[in-house]
Colleague: 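Provided herewith is a single structure, encoded as C-alpha coordinates, for subsequent inquiry.
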Amino acid sequence: METFPKIISVDDHTVEPPHVWRDRLPSKYRDTAPRIVRAPLREMTFLGGRFAPVMGAKGDEGPVGDWWVYEDLHRPLTRLDTAVGYSRDEIKLEIITYEQMRPGSYSVPERLADMDVNHVQSALCFPTFPRFCGQTFTEAKDRELALLGVRAYNDWTVEEWCGPDAGGRLIPLTLIPLWDAELAAAEVRRNAARGVRAVAFSEIPPFLGLPSVHGDGWDPFLRACDETGTVIAMHIGSSSRMPSTSADAPPAVGSTITFANCCFSMVDWLMSGKFERFPNLRVMYAEGQIGWIPYILERADVVWEENRAWGGVAEKVLRPPSELFAEHVYGCFFDDAFGLRNLDAIGVGNVLYETDYPHSDSTWPKSREVGEAQMGHLAPGDVERIVRGNAIELLGLTPEGLWPGP
(Lines give C-alpha, C1' and ligand atoms only; values in the text may rest on other atoms or scores of the structure.)
Protein backbone atom coordinates (compact mmCIF):
# COMPACT_ATOMS: atom_id res chain seq x y z
CA MET A 1 0.00 0.00 0.00
CA GLU A 2 1.19 3.54 -0.70
CA THR A 3 -0.08 4.65 2.68
CA PHE A 4 -1.32 2.73 5.70
CA PRO A 5 -3.47 4.43 8.35
CA LYS A 6 -2.04 5.04 11.79
CA ILE A 7 -3.15 2.09 13.90
CA ILE A 8 -5.52 2.29 16.84
CA SER A 9 -4.92 -0.98 18.69
CA VAL A 10 -7.90 -2.18 20.70
CA ASP A 11 -5.92 -4.89 22.49
CA ASP A 12 -2.59 -4.13 24.07
CA HIS A 13 -1.53 -4.80 27.66
CA THR A 14 0.03 -3.02 30.59
CA VAL A 15 2.20 -4.68 33.21
CA GLU A 16 1.30 -2.71 36.30
CA PRO A 17 4.25 -1.01 38.03
CA PRO A 18 4.82 -1.99 41.69
CA HIS A 19 3.33 1.19 43.14
CA VAL A 20 -0.23 0.90 41.76
CA TRP A 21 -1.87 -0.47 44.92
CA ARG A 22 0.89 0.48 47.37
CA ASP A 23 0.25 4.17 46.73
CA ARG A 24 -3.55 4.07 46.46
CA LEU A 25 -4.75 1.90 49.34
CA PRO A 26 -4.93 2.65 53.09
CA SER A 27 -1.79 1.72 55.04
CA LYS A 28 -3.69 -0.87 57.10
CA TYR A 29 -3.73 -3.07 53.99
CA ARG A 30 0.05 -2.94 53.48
CA ASP A 31 0.51 -6.63 54.34
CA THR A 32 -2.49 -7.97 52.42
CA ALA A 33 -2.92 -5.67 49.41
CA PRO A 34 -1.22 -6.49 46.08
CA ARG A 35 2.54 -5.95 46.40
CA ILE A 36 5.74 -7.04 44.66
CA VAL A 37 8.07 -9.57 46.31
CA ARG A 38 11.30 -10.87 44.76
CA ALA A 39 11.57 -14.63 45.33
CA PRO A 40 12.72 -17.86 43.68
CA LEU A 41 10.52 -20.08 41.54
CA ARG A 42 9.98 -23.62 42.79
CA GLU A 43 8.04 -24.88 39.78
CA MET A 44 5.74 -23.59 37.03
CA THR A 45 3.53 -25.48 34.58
CA PHE A 46 1.01 -24.49 31.92
CA LEU A 47 -0.90 -27.61 30.89
CA GLY A 48 -4.52 -28.21 29.95
CA GLY A 49 -5.11 -24.45 29.86
CA ARG A 50 -4.12 -24.09 33.53
CA PHE A 51 -1.24 -21.87 34.69
CA ALA A 52 0.25 -23.22 37.94
CA PRO A 53 3.29 -21.43 39.46
CA VAL A 54 4.72 -22.23 42.92
CA MET A 55 6.79 -19.61 44.77
CA GLY A 56 9.83 -20.76 46.70
CA ALA A 57 11.10 -19.43 50.03
CA LYS A 58 14.03 -17.06 50.46
CA GLY A 59 17.23 -18.98 49.98
CA ASP A 60 15.69 -21.77 47.92
CA GLU A 61 17.34 -22.81 44.70
CA GLY A 62 15.77 -21.83 41.42
CA PRO A 63 15.48 -18.77 39.19
CA VAL A 64 14.58 -15.55 40.98
CA GLY A 65 11.87 -13.21 39.76
CA ASP A 66 9.26 -10.68 40.80
CA TRP A 67 5.95 -11.93 42.21
CA TRP A 68 2.67 -10.22 42.87
CA VAL A 69 1.53 -11.33 46.33
CA TYR A 70 -2.07 -10.70 47.39
CA GLU A 71 -3.72 -12.55 50.27
CA ASP A 72 -2.89 -16.20 49.45
CA LEU A 73 -2.14 -15.54 45.78
CA HIS A 74 1.42 -15.69 44.41
CA ARG A 75 1.59 -14.69 40.74
CA PRO A 76 5.00 -14.30 39.02
CA LEU A 77 5.91 -11.98 36.19
CA THR A 78 6.76 -14.16 33.20
CA ARG A 79 8.36 -13.80 29.82
CA LEU A 80 4.94 -14.42 28.24
CA ASP A 81 3.70 -11.20 29.91
CA THR A 82 6.29 -9.15 28.08
CA ALA A 83 7.85 -10.96 25.15
CA VAL A 84 8.37 -8.24 22.54
CA GLY A 85 11.97 -7.70 21.51
CA TYR A 86 12.84 -11.39 21.87
CA SER A 87 13.04 -13.92 19.07
CA ARG A 88 10.27 -16.52 18.99
CA ASP A 89 12.64 -19.29 20.06
CA GLU A 90 13.73 -17.26 23.10
CA ILE A 91 10.17 -16.82 24.38
CA LYS A 92 9.72 -19.50 27.01
CA LEU A 93 7.63 -20.05 30.13
CA GLU A 94 10.06 -18.50 32.59
CA ILE A 95 9.99 -16.11 35.53
CA ILE A 96 11.47 -12.61 35.15
CA THR A 97 12.02 -9.35 37.03
CA TYR A 98 11.00 -5.82 36.04
CA GLU A 99 14.60 -5.22 34.97
CA GLN A 100 14.33 -8.11 32.51
CA MET A 101 11.27 -6.79 30.68
CA ARG A 102 10.95 -4.14 28.02
CA PRO A 103 10.28 -0.81 29.84
CA GLY A 104 7.39 -0.04 27.53
CA SER A 105 5.50 -2.78 29.31
CA TYR A 106 5.00 -0.58 32.39
CA SER A 107 6.30 2.93 31.62
CA VAL A 108 4.28 5.48 29.66
CA PRO A 109 7.14 7.31 27.86
CA GLU A 110 8.72 4.05 26.71
CA ARG A 111 5.33 2.69 25.68
CA LEU A 112 4.67 5.71 23.49
CA ALA A 113 8.11 5.31 21.90
CA ASP A 114 7.41 1.65 21.13
CA MET A 115 4.05 2.63 19.65
CA ASP A 116 5.85 5.08 17.37
CA VAL A 117 8.17 2.30 16.17
CA ASN A 118 5.10 0.20 15.34
CA HIS A 119 3.05 2.83 13.46
CA VAL A 120 0.53 2.86 16.34
CA GLN A 121 -1.20 6.08 17.26
CA SER A 122 -3.41 4.98 20.17
CA ALA A 123 -3.95 1.84 22.23
CA LEU A 124 -6.47 0.33 24.63
CA CYS A 125 -4.71 -1.77 27.28
CA PHE A 126 -5.91 -4.77 29.29
CA PRO A 127 -4.45 -5.46 32.76
CA THR A 128 -1.99 -8.17 33.80
CA PHE A 129 -2.04 -8.80 37.55
CA PRO A 130 -5.84 -8.30 37.95
CA ARG A 131 -6.16 -10.62 34.92
CA PHE A 132 -8.22 -9.74 31.89
CA CYS A 133 -11.46 -8.77 33.62
CA GLY A 134 -10.36 -8.32 37.24
CA GLN A 135 -11.10 -11.87 38.33
CA THR A 136 -8.11 -11.71 40.71
CA PHE A 137 -10.16 -9.39 42.92
CA THR A 138 -13.31 -11.45 42.47
CA GLU A 139 -11.52 -14.48 43.94
CA ALA A 140 -10.25 -12.56 47.00
CA LYS A 141 -11.60 -13.22 50.49
CA ASP A 142 -11.77 -9.61 51.71
CA ARG A 143 -14.49 -7.98 49.60
CA GLU A 144 -13.90 -4.54 51.08
CA LEU A 145 -10.24 -4.66 50.09
CA ALA A 146 -11.12 -6.16 46.70
CA LEU A 147 -13.47 -3.28 45.90
CA LEU A 148 -10.78 -0.80 46.90
CA GLY A 149 -8.35 -2.73 44.71
CA VAL A 150 -10.64 -2.47 41.67
CA ARG A 151 -11.15 1.24 42.20
CA ALA A 152 -7.43 1.83 42.76
CA TYR A 153 -6.61 0.12 39.47
CA ASN A 154 -9.21 2.21 37.66
CA ASP A 155 -7.92 5.43 39.20
CA TRP A 156 -4.36 4.57 38.21
CA THR A 157 -5.48 3.72 34.68
CA VAL A 158 -7.36 6.97 34.17
CA GLU A 159 -5.08 9.34 36.10
CA GLU A 160 -1.60 7.92 35.40
CA TRP A 161 -1.45 5.36 32.59
CA CYS A 162 -3.88 7.36 30.41
CA GLY A 163 -3.08 10.68 32.11
CA PRO A 164 -1.68 13.89 30.66
CA ASP A 165 1.74 12.38 29.87
CA ALA A 166 0.07 9.98 27.42
CA GLY A 167 -1.33 12.84 25.36
CA GLY A 168 -4.58 10.98 24.68
CA ARG A 169 -2.75 8.09 23.00
CA LEU A 170 -3.56 5.56 25.73
CA ILE A 171 -7.27 4.74 26.03
CA PRO A 172 -8.63 3.69 29.44
CA LEU A 173 -10.21 0.30 30.02
CA THR A 174 -11.57 -0.12 33.53
CA LEU A 175 -12.61 -3.03 35.75
CA ILE A 176 -15.75 -3.77 37.78
CA PRO A 177 -16.41 -5.68 41.00
CA LEU A 178 -17.77 -8.76 39.26
CA TRP A 179 -19.30 -10.18 42.43
CA ASP A 180 -22.00 -7.48 42.66
CA ALA A 181 -23.88 -6.17 39.60
CA GLU A 182 -25.11 -3.06 41.43
CA LEU A 183 -21.58 -2.14 42.51
CA ALA A 184 -20.44 -2.91 38.97
CA ALA A 185 -23.04 -0.50 37.57
CA ALA A 186 -21.92 2.20 39.97
CA GLU A 187 -18.30 1.75 38.90
CA VAL A 188 -19.26 1.96 35.22
CA ARG A 189 -21.07 5.23 35.88
CA ARG A 190 -18.23 6.61 38.02
CA ASN A 191 -15.73 6.02 35.23
CA ALA A 192 -18.06 7.08 32.42
CA ALA A 193 -18.37 10.44 34.16
CA ARG A 194 -14.64 10.94 33.57
CA GLY A 195 -14.68 9.92 29.94
CA VAL A 196 -14.14 6.15 30.07
CA ARG A 197 -15.94 4.25 27.32
CA ALA A 198 -14.73 0.66 27.80
CA VAL A 199 -15.04 -1.87 30.61
CA ALA A 200 -13.58 -5.38 30.88
CA PHE A 201 -15.92 -8.33 31.37
CA SER A 202 -15.70 -12.13 31.34
CA GLU A 203 -16.34 -14.01 28.12
CA ILE A 204 -18.09 -16.82 30.06
CA PRO A 205 -18.99 -15.63 33.59
CA PRO A 206 -20.24 -19.06 34.83
CA PHE A 207 -16.66 -20.33 34.53
CA LEU A 208 -15.92 -17.85 37.34
CA GLY A 209 -18.88 -19.01 39.41
CA LEU A 210 -20.93 -15.99 38.31
CA PRO A 211 -24.37 -15.71 36.62
CA SER A 212 -24.65 -16.19 32.88
CA VAL A 213 -25.92 -13.49 30.53
CA HIS A 214 -29.18 -15.41 29.99
CA GLY A 215 -30.74 -14.44 33.31
CA ASP A 216 -31.32 -10.98 34.76
CA GLY A 217 -28.43 -11.00 37.24
CA TRP A 218 -26.28 -8.67 35.15
CA ASP A 219 -29.05 -6.26 34.16
CA PRO A 220 -27.94 -3.36 36.43
CA PHE A 221 -24.46 -3.53 34.91
CA LEU A 222 -25.77 -3.89 31.35
CA ARG A 223 -28.17 -0.99 31.86
CA ALA A 224 -25.31 1.22 33.02
CA CYS A 225 -23.26 0.29 29.93
CA ASP A 226 -26.27 0.87 27.67
CA GLU A 227 -27.00 4.29 29.13
CA THR A 228 -23.40 5.54 29.22
CA GLY A 229 -22.24 4.17 25.88
CA THR A 230 -19.65 1.95 27.57
CA VAL A 231 -18.48 -0.94 25.38
CA ILE A 232 -18.05 -4.35 27.06
CA ALA A 233 -14.59 -5.69 26.19
CA MET A 234 -14.00 -9.44 26.57
CA HIS A 235 -10.48 -10.80 26.17
CA ILE A 236 -9.59 -14.42 25.54
CA GLY A 237 -8.89 -16.03 28.92
CA SER A 238 -11.21 -13.67 30.79
CA SER A 239 -13.08 -16.68 32.13
CA SER A 240 -9.86 -17.97 33.78
CA ARG A 241 -10.00 -20.97 31.51
CA MET A 242 -8.19 -21.17 28.21
CA PRO A 243 -9.64 -23.65 25.70
CA SER A 244 -7.94 -27.02 25.77
CA THR A 245 -8.70 -30.67 25.14
CA SER A 246 -7.12 -32.60 27.99
CA ALA A 247 -5.31 -32.10 31.28
CA ASP A 248 -1.97 -32.94 29.66
CA ALA A 249 -2.43 -30.99 26.42
CA PRO A 250 0.59 -28.73 25.74
CA PRO A 251 0.04 -24.96 25.52
CA ALA A 252 0.26 -25.16 21.72
CA VAL A 253 -3.17 -26.82 21.67
CA GLY A 254 -4.81 -23.99 23.58
CA SER A 255 -2.87 -21.36 21.64
CA THR A 256 -4.30 -22.72 18.39
CA ILE A 257 -7.91 -22.63 19.58
CA THR A 258 -7.85 -19.45 21.68
CA PHE A 259 -10.87 -18.17 19.73
CA ALA A 260 -13.12 -20.97 21.03
CA ASN A 261 -14.36 -19.23 24.18
CA CYS A 262 -15.09 -16.09 22.11
CA CYS A 263 -17.15 -18.26 19.79
CA PHE A 264 -19.15 -19.77 22.66
CA SER A 265 -19.55 -16.37 24.31
CA MET A 266 -20.83 -14.66 21.17
CA VAL A 267 -23.53 -17.29 20.71
CA ASP A 268 -24.52 -16.77 24.35
CA TRP A 269 -24.97 -13.04 23.76
CA LEU A 270 -26.78 -13.44 20.43
CA MET A 271 -29.27 -15.88 21.98
CA SER A 272 -29.66 -14.04 25.30
CA GLY A 273 -32.13 -11.35 24.26
CA LYS A 274 -29.92 -8.69 25.87
CA PHE A 275 -29.41 -6.78 22.64
CA GLU A 276 -33.18 -6.45 22.32
CA ARG A 277 -33.51 -5.15 25.89
CA PHE A 278 -30.46 -2.87 25.77
CA PRO A 279 -30.35 -1.45 22.23
CA ASN A 280 -27.24 0.69 22.77
CA LEU A 281 -25.13 -2.18 24.11
CA ARG A 282 -21.89 -2.99 22.26
CA VAL A 283 -19.48 -5.87 22.93
CA MET A 284 -16.03 -6.63 21.52
CA TYR A 285 -13.85 -9.76 21.55
CA ALA A 286 -10.18 -8.93 22.06
CA GLU A 287 -7.62 -11.30 20.57
CA GLY A 288 -10.37 -13.63 19.37
CA GLN A 289 -9.58 -13.21 15.65
CA ILE A 290 -12.39 -13.13 13.07
CA GLY A 291 -12.10 -16.03 10.62
CA TRP A 292 -14.57 -18.19 12.55
CA ILE A 293 -17.36 -15.62 12.60
CA PRO A 294 -19.07 -16.23 9.21
CA TYR A 295 -19.98 -19.84 9.91
CA ILE A 296 -21.24 -19.11 13.42
CA LEU A 297 -23.52 -16.39 12.09
CA GLU A 298 -24.80 -18.71 9.38
CA ARG A 299 -25.49 -21.50 11.85
CA ALA A 300 -27.07 -19.17 14.43
CA ASP A 301 -29.47 -17.82 11.79
CA VAL A 302 -30.47 -21.35 10.76
CA VAL A 303 -31.11 -22.35 14.38
CA TRP A 304 -33.10 -19.16 15.01
CA GLU A 305 -35.18 -19.66 11.87
CA GLU A 306 -35.85 -23.38 12.17
CA ASN A 307 -35.53 -24.26 15.86
CA ARG A 308 -36.55 -21.19 17.82
CA ALA A 309 -39.96 -22.64 18.75
CA TRP A 310 -38.32 -25.28 20.94
CA GLY A 311 -34.93 -23.62 21.32
CA GLY A 312 -35.96 -21.25 24.10
CA VAL A 313 -35.41 -18.00 22.20
CA ALA A 314 -38.64 -17.32 20.33
CA GLU A 315 -39.91 -14.82 22.89
CA LYS A 316 -36.69 -12.88 23.46
CA VAL A 317 -34.66 -12.96 20.24
CA LEU A 318 -36.90 -11.19 17.76
CA ARG A 319 -34.51 -10.82 14.81
CA PRO A 320 -31.94 -13.05 13.08
CA PRO A 321 -28.72 -13.26 15.12
CA SER A 322 -26.70 -11.99 12.15
CA GLU A 323 -28.63 -8.72 12.29
CA LEU A 324 -27.95 -8.39 16.01
CA PHE A 325 -24.27 -9.08 15.39
CA ALA A 326 -24.08 -6.32 12.79
CA GLU A 327 -25.43 -3.77 15.27
CA HIS A 328 -23.81 -4.88 18.52
CA VAL A 329 -20.69 -7.06 18.15
CA TYR A 330 -17.07 -6.38 17.14
CA GLY A 331 -14.39 -8.95 16.37
CA CYS A 332 -10.75 -8.03 16.98
CA PHE A 333 -7.71 -9.48 15.22
CA PHE A 334 -3.97 -9.00 14.86
CA ASP A 335 -3.16 -11.66 12.26
CA ASP A 336 -6.04 -13.23 10.32
CA ALA A 337 -5.62 -13.30 6.56
CA PHE A 338 -8.46 -15.83 6.20
CA GLY A 339 -10.92 -13.61 8.06
CA LEU A 340 -9.99 -10.63 5.91
CA ARG A 341 -10.58 -12.65 2.73
CA ASN A 342 -14.11 -13.28 4.02
CA LEU A 343 -14.76 -9.77 5.29
CA ASP A 344 -17.97 -9.44 3.29
CA ALA A 345 -19.51 -12.20 5.44
CA ILE A 346 -18.48 -10.44 8.65
CA GLY A 347 -18.98 -6.76 7.90
CA VAL A 348 -16.31 -4.10 7.56
CA GLY A 349 -17.99 -2.13 10.32
CA ASN A 350 -17.63 -4.98 12.82
CA VAL A 351 -13.87 -5.49 12.76
CA LEU A 352 -11.13 -3.85 14.85
CA TYR A 353 -7.32 -4.08 14.61
CA GLU A 354 -4.89 -4.82 17.44
CA THR A 355 -1.17 -5.42 18.07
CA ASP A 356 -1.22 -7.38 21.40
CA TYR A 357 1.88 -5.55 22.69
CA PRO A 358 3.85 -6.80 24.66
CA HIS A 359 2.60 -10.43 24.58
CA SER A 360 4.18 -13.37 22.79
CA ASP A 361 1.57 -13.24 19.99
CA SER A 362 2.24 -9.56 19.32
CA THR A 363 3.02 -8.42 15.80
CA TRP A 364 5.23 -5.61 17.20
CA PRO A 365 7.24 -4.02 15.62
CA LYS A 366 5.75 -5.13 12.28
CA SER A 367 2.02 -4.57 12.78
CA ARG A 368 1.94 -2.18 9.84
CA GLU A 369 3.66 -4.71 7.57
CA VAL A 370 1.27 -7.47 8.66
CA GLY A 371 -1.70 -5.22 8.00
CA GLU A 372 -0.43 -4.15 4.60
CA ALA A 373 0.15 -7.74 3.54
CA GLN A 374 -3.26 -8.98 4.69
CA MET A 375 -5.37 -5.96 3.70
CA GLY A 376 -3.81 -5.22 0.32
CA HIS A 377 -6.90 -6.47 -1.55
CA LEU A 378 -9.28 -4.14 0.34
CA ALA A 379 -10.46 -0.69 -0.68
CA PRO A 380 -8.61 2.14 1.12
CA GLY A 381 -11.80 3.22 2.85
CA ASP A 382 -12.31 -0.25 4.29
CA VAL A 383 -8.72 -0.38 5.52
CA GLU A 384 -9.21 2.99 7.20
CA ARG A 385 -12.29 1.73 9.04
CA ILE A 386 -10.66 -1.48 10.22
CA VAL A 387 -7.37 0.05 11.32
CA ARG A 388 -8.82 3.10 13.09
CA GLY A 389 -12.24 4.38 12.02
CA ASN A 390 -14.36 1.75 13.76
CA ALA A 391 -12.37 2.17 16.98
CA ILE A 392 -12.80 5.95 16.89
CA GLU A 393 -16.57 5.57 16.63
CA LEU A 394 -16.88 2.75 19.16
CA LEU A 395 -14.64 4.24 21.86
CA GLY A 396 -15.70 7.86 21.54
CA LEU A 397 -12.27 9.10 20.42
CA THR A 398 -11.57 12.42 18.76
CA PRO A 399 -11.51 12.54 14.95
CA GLU A 400 -7.73 12.40 15.30
CA GLY A 401 -8.00 9.09 17.18
CA LEU A 402 -7.14 10.33 20.66
CA TRP A 403 -8.88 9.80 23.99
CA PRO A 404 -10.42 13.18 24.86
CA GLY A 405 -9.90 12.63 28.58
CA PRO A 406 -12.19 13.43 31.51
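Any value given below was found using the heavy atoms of this structure, including those in side chains, with hydrogens, waters and symmetry copies removed.
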Colleague: Taking side chain to side chain donor-acceptor pair (under 3.5 Å) as the definition, give me every residue that meets it alongside D356, ordered by chain and number, with sequence neighbours left out.
Modeller: H13
Colleague: Mind checking what makes salt bridge (charged side-chain N to carboxylate O under 4.0 Å, His left out) contact with R189, not counting sequence neighbours?
Modeller: E227
Colleague: State, yes or no, whether a side-chain contact exists between T128 and W68 at a heavy-atom distance under 4.5 Å.
Modeller: no
Colleague: Does the side chain of F325 come within less than 4.5 Å of I296's, by heavy atoms?
Modeller: no
Colleague: State whether D216 and R277 are salt-bridged, where the test is any N-O pair (Lys NZ or Arg NE/NH1/NH2 against Asp/Glu carboxylate O) under 4.0 Å.
Modeller: no
Colleague: Is it the case that more than 12 heavy atoms not belonging to E61 sit under 6.0 Å from its CD atom?
Modeller: no
Colleague: Checking side-chain polar atoms at under 3.5 Å, does S105 have a donor or acceptor matched by the opposite partner on T82?
Modeller: yes
Colleague: Check each of Y70, Y29, F129 against W21 using the ring pair (Phe, Tyr, Trp, His ring centres under 6.0 Å) test, and report the only one that passes.
Modeller: F129
Colleague: Looking at E160 and R24, does any basic side-chain N land under 4.0 Å from a carboxylate oxygen?
Modeller: yes
Colleague: Nearest 0.5 angstrom please: T258 OG1 to I236 CD1, how far?
Modeller: 4.0 Å
Colleague: Under the side chain to side chain donor-acceptor pair (under 3.5 Å) test, which residues partner D382, sequence neighbours left out?
Modeller: none
Colleague: For E16, enumerate each residue passing the salt bridge (charged side-chain N to carboxylate O under 4.0 Å, His left out) test, keeping only those at least two apart in sequence or located in another chain.
Modeller: none
Colleague: Show me the pairs that pass ring-ring contact (aromatic ring centres under 6.0 Å, His included) and involve residues 79-102, at least two apart or across chains.
Modeller: Y98-Y106
Colleague: Test of understanding: with salt bridge (charged side-chain N to carboxylate O under 4.0 Å, His left out), list the residues that count as partners of R102, not counting sequence neighbours.
Modeller: D114
Colleague: Taking ring pair (Phe, Tyr, Trp, His ring centres under 6.0 Å) as the criterion, tell me which of F259, Y353, F338 meets it with F333.
Modeller: Y353
Colleague: Between E315 and R308, is the closest basic N to carboxylate O distance under 4.0 Å?
Modeller: no
Colleague: Do D12 and S9 pair up side chain to side chain, a donor and an acceptor below 3.5 Å, judged on atom types alone?
Modeller: yes
Colleague: Assess whether a salt bridge exists between E187 and R151, defined as any Lys/Arg side-chain N lying under 4.0 Å from an Asp/Glu carboxylate O.
Modeller: yes
Colleague: With side chains defined as the heavy atoms from C-beta onward, is the minimum distance between I176 and N154 less than 4.5 Å?
Modeller: no
Colleague: Around E393, counting heavy atoms of other residues, nucleotides and ligands shown, do more than 12 lie under 6.0 Å from its CD?
Modeller: no
Colleague: Less than 4.0 Å between a side-chain N and a carboxylate O, is that true for E400 and R388?
Modeller: no
Colleague: In terms of side-chain heavy atoms, does D301 have a donor or acceptor partner in S322 at a distance below 3.5 Å?
Modeller: yes
Colleague: Run the salt-bridge test on D219 and K274 with the 4.0 Å N-O cut-off and return the result as yes or no.
Modeller: yes
Colleague: Answer yes or no: is there an ion pair linking D335 with K366, defined by an N-O contact shorter than 4.0 Å?
Modeller: no
Colleague: Does some side-chain heavy atom of K6 sit less than 4.5 Å from a side-chain heavy atom of V120?
Modeller: no
